[in-house]
Amino acid sequence: MYKLKHFLLLPVLLIFVMFLCSCTTSYIKYKGEDYYITTTSQNQLNQDELTLDSKNFLTTNDLNEQYKSSPREVIYTCFQELNKNESKIILEHNFRHTLKVIIELCINEAKNAHKDEAIKYWMSACYLSYRYLYDTAIQPPLSKLKFPWTGTVERYYNFALYKIFTYLQNQNLLNESNFEIDMVIGTAKFNPPESNIPWKLSSFKKFLLSYNYKPENFNETIFQLGVGLPICGIPDDLLFDQILEKVKVIKYLYPCNFVLLFNNLTASNNKFTVTPYYIDFYKSAYTELEKNKIQLSNNYTVTIGKFLEKYPMAVEATYFF
């Protein structure tokens, strides 16, 4: 009888929990892409005009007027010349720093272009940032000498990832392969996506981009600066008939990190192969890119906030087991 009374109390407790959950609390607030741009340091992402380095480079190479009339042509020509043994362009300090300048030219044009044209610049900026950071053929390597602009280029790479991921998700291309995206400096052919997370990528209806949200009503936030795009896998909306099934939804709302791996950094025909890679936050805070150990960017707080808003009953239900 004692056990039966406690069992009969369970529906009453659940009704009470449902009442409490009906008074919803906001845990994350949508801020849009401007939130990431305005919270980062001063660089080409949050400036309306070119950086001083970019202006110096264009002036030194007498490219100001040509850039105003044909920016795409200037970017392509500079990239081609940069890869030659005897380049006709005057470098801005060194090879790596000149890469940074071309990245900033791409970003400047991407911000003002139509979305179908902008993706060409973002793909180019992503590749050039990846090469700046991880091309071991560039001397001196970053592992031997810490360049002062490394953190800035990491932010360029991350935000280019954000733009590319948004484009792929809107075009329903996240789970596709063998498609191509034109770049200002060539063509990117996408390999099938790879992942080390325990669930199939097709299990997720969409991915929430942490850069778009600001946590609210938390005493502390859990995030880590680094490389990559912090995202959260959102499952298909499921119907539950039993409380035990509600608990299972916890495994589906999954935080991970998204990067693009460029498999051929110096393609002679400017046809680059790209592999989208989803990295499990829970397994490691680091990954290896081009034999470099890299700290990943993550944001657990946004995932927790989304979970609390989307599945309040599932949270309360865990206390019964």
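None of these values were measured; they are calculated from a predicted model.
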Evaluate the side-chain proximity of [Y] to [X]: yes if any heavy-atom separation is below 4.5 Å, no if none is.
{"X": "Asn270", "Y": "Ile185", "answer": "no"}
{"X": "Asn196", "Y": "Tyr278", "answer": "no"}
{"X": "Asp53", "Y": "His97", "answer": "yes"}
{"X": "Leu265", "Y": "Tyr130", "answer": "yes"}
{"X": "Leu201", "Y": "Ser195", "answer": "yes"}
{"X": "Leu58", "Y": "Leu105", "answer": "yes"}

Distance-only side-chain donor-acceptor flag, [X] / [Y], under 3.5 Å:
{"X": "Asn263", "Y": "Asn191", "result": "yes"}
{"X": "Thr59", "Y": "Asn64", "result": "yes"}
{"X": "Tyr254", "Y": "Asp280", "result": "yes"}
{"X": "Glu49", "Y": "Asn108", "result": "no"}

Under a single-linkage definition using a 4.5 Å side-chain heavy-atom cutoff for Ile, Leu, Val, Met, Phe, Trp and Tyr, are [X] and [Y] assigned to the same hydrophobic cluster?
{"X": "Ile90", "Y": "Ile102", "answer": "no"}
{"X": "Tyr132", "Y": "Tyr76", "answer": "no"}
{"X": "Ile231", "Y": "Tyr282", "answer": "yes"}

Where [X] and [Y] come nearest, the two heavy atoms and their spacing:
{"X": "Ile164", "Y": "Cys126", "answer": "CD1-CB, 3.6 Å"}
{"X": "Leu229", "Y": "Asn158", "answer": "CD1-O, 4.5 Å"}
{"X": "Pro276", "Y": "Val274", "answer": "CD-O, 3.8 Å"}
{"X": "Ser297", "Y": "Asn257", "answer": "O-ND2, 2.6 Å"}
{"X": "Leu296", "Y": "Ser284", "answer": "CD1-O, 4.1 Å"}
{"X": "Phe79", "Y": "Asn83", "answer": "O-ND2, 3.1 Å"}

Pairwise distance [atom1]([X]) to [atom2]([Y]) - rounded to 0.5 angstrom:
{"X": "Leu161", "Y": "Arg155", "atom1": "CG", "atom2": "CZ", "answer": "14.5 Å"}
{"X": "Phe262", "Y": "Ser129", "atom1": "CZ", "atom2": "OG", "answer": "9.0 Å"}
{"X": "Asn298", "Y": "Leu225", "atom1": "CG", "atom2": "CG", "answer": "9.5 Å"}
{"X": "Ile75", "Y": "Ser70", "atom1": "CD1", "atom2": "OG", "answer": "11.0 Å"}

Next item on the list: Show your working on side-chain hydrogen bond (donor to acceptor under 3.5 Å, both in side chains) between Ser202 and Asn175 and close with a plain yes or no.
Entry: CA-CA 7 Å; Ser202 57; Asn175 292 322; 5.9 Å; no
Next item on the list: Just do the side chain to side chain contact (heavy atoms under 4.5 Å, CB included) check on Phe179 and Lys189 with the steps written out, would you?
Entry: CA-CA 6 Å; Phe179 63 91; Lys189 182 177 180 180; over 6 Å; no
Note to self: Other residues, nucleotides and ligands only: do more than 12 of their heavy atoms fall within 6.0 Å of NZ on Lys206?
What the structure shows: no
Next item on the list: Answer yes or no: does atom CG of Asn170 have more than 12 heavy-atom neighbours from other residues, nucleotides or ligands under 6.0 Å?
Entry: yes
Margin query: Please check this pair: side chain of Ser124 against backbone of Val184, looking for a donor-acceptor N/O pair closer than 3.5 Å.
Written below: yes
Check: So, the side chain of Asn264 versus the backbone of Thr266: is there a donor-acceptor pair under 3.5 Å, distance only?
Finding: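 Between the backbone of Thr266 and the side chain of Asn264 there is no qualifying donor-acceptor contact (under 3.5 Å).
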Notebook entry, point to check: Hey, would you say the Phe258 and Phe207 ring centroids sit under 6.0 Å apart?
Noted result: no
Notebook entry, point to check: Can you tell which of Lys55, Arg72, Glu73, Glu109 makes a side-chain hydrogen bond (donor to acceptor under 3.5 Å, both in side chains) with Tyr67?
Noted result: Glu109
Next item on the list: Going by the side-chain hydrogen bond (donor to acceptor under 3.5 Å, both in side chains) test, name the single residue among Lys115, Lys120, His114 that passes it with Glu117.
Entry: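 It is Lys120, the one option of Lys115, Lys120, His114 that forms the side-chain hydrogen bond (donor to acceptor under 3.5 Å, both in side chains) with Glu117.
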Note to self: Is there a side chain to side chain contact (heavy atoms under 4.5 Å, CB included) between Glu104 and Leu50? Walk through the geometry before answering.
What the structure shows: CA-CA 7 Å; Glu104 291 173 345; Leu50 290 172; 5.7 Å; no
Check: Would Tyr162 and Trp122 satisfy ring pair (Phe, Tyr, Trp, His ring centres under 6.0 Å), going step by step from the backbone distance to the final call?
Finding: CA-CA 9 Å; Tyr162 168 87; Trp122 288 121; 8.9 Å; no
Next item on the list: Start with the C-alpha distance between Phe190 and Thr275, add both sets of side-chain angles, then the distance that settles side chain to side chain contact (heavy atoms under 4.5 Å, CB included), and finish with yes or no.
Entry: CA-CA 6 Å; Phe190 278 70; Thr275 302; over 6 Å; no
Notebook entry, point to check: What do the steps show when you test Leu128 against Tyr157 for side chain to side chain contact (heavy atoms under 4.5 Å, CB included), and what is the final call?
Noted result: CA-CA 8 Å; Leu128 294 169; Tyr157 175 70; over 6 Å; no
Notebook entry, point to check: Is it true that Lys271 and Glu180 have a side-chain N and a carboxylate O under 4.0 angstrom from each other?
Noted result: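 No, Lys271 and Glu180 are not salt-bridged.
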Next item on the list: Dump the intermediate steps for side-chain hydrogen bond (donor to acceptor under 3.5 Å, both in side chains) on Gln295 and Tyr286, then the final yes or no.
Entry: CA-CA 4 Å; Gln295 180 170 294; Tyr286 296 85; 3.3 Å; yes
